[in-house]
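The structure under discussion appears below in the form of structure tokens.
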There are 2 protein chains.
Amino acid sequence: MSPRNTIAESRRTRQRIIDRSVAIASVDGLAGLTIGRLAIDLSMSKAGVLGHFGTKEALQLAALERASAMFTSLVWEPAAALPPGLTRLQAVCEAWIAFLDTERAEFPGGCLFTAASVEFDGHTGPVRDTVARLLTVWRRRLVSELRYAVEAGELPSGADPEQIVFELVGLYLNLNQSIQLFGDTTAPARTRHALARLLGTDQPRAD
Amino acid sequence: MSPRNTIAESRRTRQRIIDRSVAIASVDGLAGLTIGRLAIDLSMSKAGVLGHFGTKEALQLAALERASAMFTSLVWEPAAALPPGLTRLQAVCEAWIAFLDTERAEFPGGCLFTAASVEFDGHTGPVRDTVARLLTVWRRRLVSELRYAVEAGELPSGADPEQIVFELVGLYLNLNQSIQLFGDTTAPARTRHALARLLGTDQPRAD
DNA sequence: CCTACCGATCGGTAGG
DNA sequence: CCTACCGATCGGTAGG
């Protein structure tokens with residue numbers, strides 16, 4: 001009478017654990033995520049949960065990977081087929097706003113990467129390294145898109161892609177805070193307005 | 001042979017506990033702050049630590065209050081005597097950069113308010129309320145300063161103080177992340193550059 | 001401000 | 001995937 005499942009069932013269980021982990025970590029952080037809480041939520045034993053990952057750190061990394069895959073599929077991939085430069089960048093920026101906007105069931109407590117960044121920036125180890133790597137990859141993609149836009153003449157030749165990305169990332173950090181802490185429903189519009197000014201798409205720009 | 005201290009000594013002990021709490025919470029968060037850790041760091045008993053506050057939540061609130069007092073004395077007060085408007089705002093902005101810059105022993109893990117905001121934005125209760133109240137007060141002060149600047153003609157009459165503060169806060173959130181997660185030493189300069197553009201102090205501005 | 005203690009929960013393991 | 005268990009630590013209390 002072993003309750004041992006088939007490989008397919010085991011994979012499904014693993015996915016369920018990770019999905020739940022992402023949701024919990026979005027609210028309580030990756031450190032606040034506990035095996036016992038997961039076991040209760042999923043009606044499993046603690047050993048059953050932990051057996052899929054071995055350690056809590058491996059579970060945290062799996063949650064980060066999954067959140068990263070969600071971000072990629074929701075923010076980057078829909079824009080992938082668009083022409084590079086400002087057009088594609090604006091599509092990414094709009095999808096990113098939707099990603100952070102409320103009523104998203106997958107991240108009830110807000111952006112997991114922002115939370116994990118703040119939670120682990122004072123520590124060393126694989127979790128911190130993974131968060132830093134993901135954020136760096138995304139910042140670089142934005143810089144690349146802006147470089148293309150400058151070369152294509154969509155932005156003034158003096159525009160500094162790294163500087164623009166610095167300001168752009170700040171907008172999204174504040175968008176997340178405005179939504180999660182203040183429930184500010186005007187924040188998406190404020191973000192769009194700032195983006196238009198930052199990218200020079202609000203009005204023709206003197207070069 | 002009671003080790004009971006005088007009132008003055010008790011107050012000093014309380015200050016030591018709070019100072020240490022701010023430093024720990026800066027790295028591990030207000031939730032990651034534990035009585036046992038404090039007791040070890042301060043060579044006290046857990047009961048001795050907790051006796052000053054009663055509950056962990058009261059300790060968290062005391063740490064927030066103390067951090068708030070530090071922010072006020074380091075960022076707002078030095079600029080208080082300056083003329084209102086852009087002059088005073090720029091002094092505040094510069095002090096705020098210094099506040100977030102590394103090698104500040106009081107906040108080894110970065111801005112406690114940003115950390116607490118992310119940590120508690122998915123919860124209810126006094127800690128979340130206090131964080132939200134502090135951030136709201138500071139945002140309002142910035143808006144007031146900008147309103148004055150607009151009325152004084154230091155900014156174009158069409159400038160939107162709320163919008164500018166939205167963008168300004170994002171810069172500081174990203175400054176904190178850039179310093180703490182990436183150790184990016186160019187971040188303060190990038191912040192100054194963005195501020196100059198945001199406040200129109202980089203060049204005379206067509207109204 | 002201490003010692004001594006409480007029940008609850010933590011991450012993790014043994015063995016099946 | 002389970003039961004049963006481990007030592008450690010959590011916030012907090014009693015009593016002095």
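Throughout, a chain's letter reflects where its sequence line sits, starting with A, and its residues are numbered from 1.
- Heavy atoms of Ser45(B) sit under 4.0 angstrom from at least one base atom.
- One can place CD1 of Ile40(B) at 10 Å from C1' of dT9(D), the figure rounded to the nearest angstrom.
- In this structure, Ile35(A) reaches the sugar-phosphate backbone alone: every heavy-atom distance under 4.0 Å involves primed, P, OP1 or OP2 atoms, never a base.
- Taking a 6.0 Å sphere around NE2 of His193(A), one finds it holds 12 or fewer heavy atoms contributed by other residues, nucleotides or ligands.
- Closest-nucleotide positions on DNA chain C for Gly54(A) and Gly36(A) were compared, and the one nearer the 5' end corresponds to Gly36(A).
- Contact annotation: the side chain of Leu146(B) approaches that of Val165(B) to within less than 4.5 Å [non-hydrogen atoms, C-beta and beyond].
- Within the nucleic acid shown, Leu38(B) has no heavy atom closer than 4.0 Å to any nucleic acid atom.
- Atom-to-atom, CD1 of Ile17(B) to C1' of dC1(C) comes out at 10 Å; the value is rounded to the nearest Å.
- Base pairing of dA8(D): its partner is dT9(C), meeting the Watson-Crick or G-U wobble criterion (both donor-acceptor distances under 3.5 Å).
- Whole-Å rounding puts the Phe53(A) CZ to dC1(D) P distance at 10 Å.
- To the nearest angstrom, P of dG12(D) lies 16 Å from NE2 of His52(B).
- With hydrogens and angles ignored, no donor-acceptor pair closer than 3.5 Å exists between the side chain of Lys56(B) and the base of dG12(D).
- Residue Thr13(A) places at least one side-chain N or O closer than 4.0 Å to OP1 or OP2 of dC1(D).
- Remark: the backbone N or O of Leu86(A) is not paired with any side-chain donor or acceptor of Glu145(A) at under 3.5 angstrom.
- Comparing Gly51(A) and Lys46(A) along DNA chain D, the residue whose closest nucleotide (by nearest heavy atom) sits nearer the 5' end is Gly51(A).
- Of the listed nucleotides (dC2(D), dG11(C), dC10(D)), dC2(D) has the atom at the smallest distance from the side chain of Ala47(A).
- Residue-level contact check: Leu33(A) touches the backbone only, with heavy atoms under 4.0 Å from sugar-phosphate atoms and none from bases.
- The nearest whole Å value for the distance from the CD1 atom in Ile24(B) to the C1' atom in dC10(D) is 15 Å.
- The aromatic rings of Phe71(B) and Trp138(B) lie tilted to each other, with the angle between the two planes from 30° to 60°.
- A straight line from CE of Met44(B) to C1' of dG11(D) spans 16 Å, rounded to a whole angstrom.
- In this structure, CG of Leu50(A) is placed 12 Å from P of dA14(C), rounded to the nearest angstrom.
- Shown here, dG16(C) forms a base pair with dC1(D); the pair counts as Watson-Crick or G-U wobble because both key distances fall under 3.5 Å.
- In this structure, Thr130(B) contributes its side chain and Pro126(B) its backbone to a donor-acceptor pair below 3.5 Å.
- Atom CG of Asp28(B) and atom P of dT9(D) are 15 Å apart (whole Å).
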